[in-house]
Amino acid sequence: MAENIFESILKQIENYTPSLEAVEVGYVEEVGDGIARVTGLNNVRYNELVRFENGTIGIAFNLEKGNVGIIIMGAYDDIQEGDRVSPLGRIASVPVGKGLLGRVVDALGNPIDGKGPIQFEEYYNIERIAPGVMERKGVGRPVQTGILAIDAMIPIGRGQRELIIGDRQTGKTAVALDTVVNQRGENLYCIYVAVGKRRGELARIRQTLEDNGAMEYTVIVAASASDAAALQYIAPYSGCAIGEWFMENGMDALVIYDDLSKHAAAYRQVSLLLRRPPGREAFPGDVFYLHSRLLERAAQLSDDRGGGSLTALPVIETLLGDVSAFVPTNVISITDGQIYLEGDLFYAGQRPALNTGISVSRVGSAAQTKAMRTVAGGLRLQMAQFRSLAAFAQFGSNLDKSTQEQLDRGMRLNELFKQAQYQTLAVEDQVAMIFAGTEGLLDVIPVERVGEWKRDFLRAFATQFADIKKALRAGIGGSLSDDLKAQIRNAIKSFNATWS
């Protein structure tokens, strides 16, 4: 028996062939404030993931001659000088696919909602090259926000980059969330990227989306204020990669970056700690490239590439209405227009607090349905004339009849544009509202009662005039026929005659 064991061991020793595997290993030279300088990683690539001895993940960010600057994606208290660092062999990437819908993930795509592992299709690098000009086509399909003032005057198209800008607490996130809520049944997948928000606020946003049935087509990428600056820096790129999977598979996606002001601040923090030279407002010299390479990835792909789209709604927070500050002007120059929310209008009770003078969509009516284009064609001009007349009317009381009529109509349109949060409007309801305002059918309604009229008319439009609403919904993609216009006009007049 002993001889058999001995022979078996001897045979195993004779058949053993040693194998050597060369693994590159680095060692921490210096660590602090979420940054580690590591020596020995001579072949590491930019944006490659590395793992520290305690299991924490980092990203190779500064590739210098003697060492590598690594931003640490998590707690760094346990990392000590001399700890071993191993490259993971892959560039920073996130899981993508429909399995992420309804989930809350961190900046690396790890689930943080307690619902277990995610079923994903593949990994996408967080940094990817934007589609070239020949791979794109013009923006021509609308993203309906459900907000009357925006859809009528500042339309957003699929594949567009539209900036939402304004001071703190002026309703920027509210506009973004309304847009997400309104996508139910629109075949538009939404990615909401929260950068630097409080955890309590994130929980409220998630609950709101669940209550409105929006989480089933939405992914939340969260890098809260308590997370490392490195996670806040990469979160928008991760959200964009998740959206790109939908775009490149022939679907439509909407990604909201809330907000890029905090994103730029996180990047400044990381850059200064890595001793990159500061420039204006202490931002590094490539802060423009920081946002341009992100927002350029939004596109409407050509039919040869599948015809998918990725729409971007970046959010920027201004200080005291200063849109000429460094980061706001950078992002304004990159995007295809901006929705400007003004503090004075917000506090005056105009919600959403949309400044229609500064707000603009460079895609214009190409992103509107023909029916909306028909009724809202001259609306921006009317509102611009109303604002200038209202400014001059403050200085005198003797106004001629036509000027007074224009002022009265402008005030009624302003009241019409007031809209509570999460009470989005269908396109056919919006067309009927704008038609009533621009055709003078609201002139008989007292200004202070326009809100009541709007509520009651929408109820009647869905019940008493349901056949007209159905016909309008069916023909929303085409121009309004004279017959349908007459039906809408008669319906509004009939309602006005009985409403009190």
Requested in this report: Would you give the length of the straight line joining atom CE of M433 to atom CG of L413, rounded to the nearest 0.5 angstrom?
Outcome: 11.5 Å
Query raised in the report: Any chance CD of E452 has more than 12 other-residue heavy atoms, nucleotides or ligands included, within less than 6.0 Å?
Result: yes
Query raised in the report: Are the side chain of Q430 and the backbone N or O of L425 linked by a donor-acceptor pair below 3.5 Å?
Result: yes
Query raised in the report: For the atom pair CG (L100) and CD1 (I242), what is the distance rounded to the nearest 0.5 Å?
Result: 5.0 Å
Requested in this report: Report yes if the side chains of V447 and D408 come closer than 4.5 Å at any heavy-atom pair, otherwise no.
Outcome: no
Query raised in the report: So, the side chain of E439 versus the backbone of V375: is there a donor-acceptor pair under 3.5 Å, distance only?
Result: no
Report task. Mind listing the closest non-hydrogen atom pair of A264 and L290 along with its distance? Result -> CA-CD2, 4.1 Å
Report task. Inspect the contact between R293 and E127 and indicate whether a charged nitrogen and a carboxylate oxygen are less than 4.0 angstrom apart. Result -> yes
Query raised in the report: Does atom CD1 of I129 have more than 12 heavy-atom neighbours, drawn from other residues, nucleotides or ligands, at distances under 6.0 Å?
Result: no
Requested in this report: Check for a donor-acceptor pair, side chain of Q183 on one end and backbone N or O of Q144 on the other, with a separation under 3.5 Å.
Outcome: yes
Query raised in the report: V315 versus T173: any side-chain heavy-atom pair under 4.5 Å?
Result: no
Query raised in the report: Got I492 and F461 here, is their nearest side-chain heavy-atom distance under 4.5 Å?
Result: no
Query raised in the report: According to the interplanar angle, ranging from 0 to 90°, do the rings of Y237 and Y233 count as parallel (below 30°), tilted (30 to 60°) or perpendicular (above 60°)?
Result: perpendicular
Query raised in the report: Would you say the side chains of D252 and S309 form a donor-acceptor pair under 3.5 Å?
Result: yes
Query - Student check: side-chain heavy atoms of I339 and I156 closer than 4.5 Å - result: yes
Report task. Could you tell me whether the side chains of T145 and D151 share a donor-acceptor contact shorter than 3.5 Å? Result -> yes
Requested in this report: Answer yes when E415 and R449 have at least one side-chain N-carboxylate O distance shorter than 4.0 Å, and no when they do not.
Outcome: no
Query raised in the report: Would you call R199 and D227 a salt bridge, using N to O less than 4.0 angstrom?
Result: yes
Report task. Tell me, please, which residues at least two apart from Q232 pass side chain to side chain donor-acceptor pair (under 3.5 Å). Result -> none
**Report entry** Between H291 and Y267, ring centroids under 6.0 Å
**Finding:** no
Query raised in the report: Where does the angle between the aromatic ring planes of Y189 and F246 fall among parallel (under 30°), tilted (30 to 60°) and perpendicular (over 60°)?
Result: parallel
Query raised in the report: Ion pair present between R204 and E201, side-chain N to carboxylate O less than 4.0 angstrom?
Result: no
Query - Shortest non-hydrogen separation from V323 to Y340 and the atoms involved - result: CG1-CE1, 3.6 Å
**Report entry** Set of residues satisfying ring pair (Phe, Tyr, Trp, His ring centres under 6.0 Å) with respect to F417, sequence neighbours excluded
**Finding:** none
Query raised in the report: Is any side-chain heavy atom of W245 closer than 4.5 Å to a side-chain heavy atom of E122?
Result: yes
Report task. Would you mind reporting whether R459 and Q464 have side-chain heavy atoms less than 4.5 Å apart? Result -> no
Query raised in the report: Closest approach of P236 and V195, non-hydrogen atoms and distance?
Result: CG-CG2, 4.0 Å
Query - Quiz item: cation-pi between R412 and W453, 6.0 Å / 45° - result: no
Query raised in the report: So, the side chain of T311 versus the backbone of G159: is there a donor-acceptor pair under 3.5 Å, distance only?
Result: yes
Query raised in the report: Rounded to the nearest 0.5 Å, what separation is found between the CD atom of Q419 and the CD atom of Q350?
Result: 11.0 Å
**Report entry** Q406-Q385 side chain donor-acceptor pair, cut-off 3.5 Å
**Finding:** yes
Query raised in the report: How long is the gap from CG on L313 to CD on E162, to the nearest 0.5 Å?
Result: 7.5 Å
**Report entry** V193 to V255 - nearest heavy-atom pair and separation
**Finding:** CG2-CG2, 4.0 Å
Query raised in the report: Between atom CG of L354 and atom CG of L341, what is the distance when rounded to the nearest 0.5 Å?
Result: 6.5 Å
Query raised in the report: Closest approach of K454 and L416, non-hydrogen atoms and distance?
Result: NZ-O, 2.9 Å
Report summary line: side-chain hydrogen bond (donor to acceptor under 3.5 Å, both in side chains) with N355: of E342, R387, Q338, only one passes, and it is E342
Requested in this report: Determine, step by step, whether K98 and E121 satisfy the salt bridge (Lys or Arg N to Asp or Glu O under 4.0 Å) criterion, reporting the C-alpha distance in whole Å, the side-chain angles of both residues, the deciding distance to 0.1 Å, and the verdict.
Outcome: CA-CA 8 Å; K98 285 192 174 181; E121 305 287 336; over 6 Å; no
Report task. Would you please say whether a donor-acceptor pair under 3.5 Å links the side chains of R351 and Q421? Result -> no
Query raised in the report: What distance do K262 atom NZ and I316 atom CD1 have between them, rounded to the nearest 0.5 Å?
Result: 10.0 Å
Query raised in the report: If we only count heavy atoms from C-beta on, is the Y422 to D178 side-chain gap below 4.5 Å?
Result: yes
Requested in this report: Could you tell me whether a side-chain N or O of S494 sits under 3.5 Å from a main-chain N or O of N490, the two making a donor and an acceptor?
Outcome: no
Query raised in the report: Does any N or O in the side chain of Q368 come within less than 3.5 Å of the main-chain N or O of A152, such that one atom is a donor and the other an acceptor?
Result: yes
Requested in this report: Verify whether one side chain among Q160 and S361 offers a donor that lies under 3.5 Å from an acceptor in the other.
Outcome: yes
Requested in this report: Any chance you could lay out the side chain to side chain contact (heavy atoms under 4.5 Å, CB included) test for L345 and T170, step after step, and finish with the verdict?
Outcome: CA-CA 9 Å; L345 291 174; T170 51; over 6 Å; no
Query - Sidechain-backbone polar pair: N110 side chain, D106 backbone, donor-acceptor under 3.5 Å - result: no
Query raised in the report: So, D167 versus T318: side-chain donor-acceptor pair below 3.5 Å or not?
Result: yes
**Report entry** Residue pair R297, M247: steps toward the side chain to side chain contact (heavy atoms under 4.5 Å, CB included) verdict
**Finding:** CA-CA 10 Å; R297 289 160 67 178; M247 174 180 73; over 6 Å; no
Report task. Taking only Lys NZ, Arg NE, NH1 and NH2, and the carboxylate oxygens of Asp or Glu, determine whether D467 and K470 approach each other closer than 4.0 Å. Result -> no
Report task. Determine the minimum heavy-atom distance between V139 and A366, stating which atoms define it. Result -> O-CB, 3.9 Å
Query raised in the report: Passes side chain to side chain contact (heavy atoms under 4.5 Å, CB included), V94 versus Y123? Steps please.
Result: CA-CA 5 Å; V94 288; Y123 279 101; 5.6 Å; no
Query raised in the report: Is there a side-chain contact between D322 and P328, using heavy atoms and a 4.5 Å cut-off?
Result: no
Query - E281 and V287: CA distance, side-chain angles, deciding distance, side chain to side chain contact (heavy atoms under 4.5 Å, CB included) verdict - result: CA-CA 11 Å; E281 294 182 26; V287 72; over 6 Å; no
Query raised in the report: Does S365 offer a backbone N or O that forms a donor-acceptor pair with the side chain of R373 under 3.5 Å?
Result: yes
Requested in this report: Determine, for K172 against D258, whether the closest basic-nitrogen to carboxylate-oxygen distance falls under 4.0 angstrom.
Outcome: no
Query raised in the report: Do R128 side-chain atoms and A241 backbone N/O form a donor-acceptor pair below 3.5 Å?
Result: no
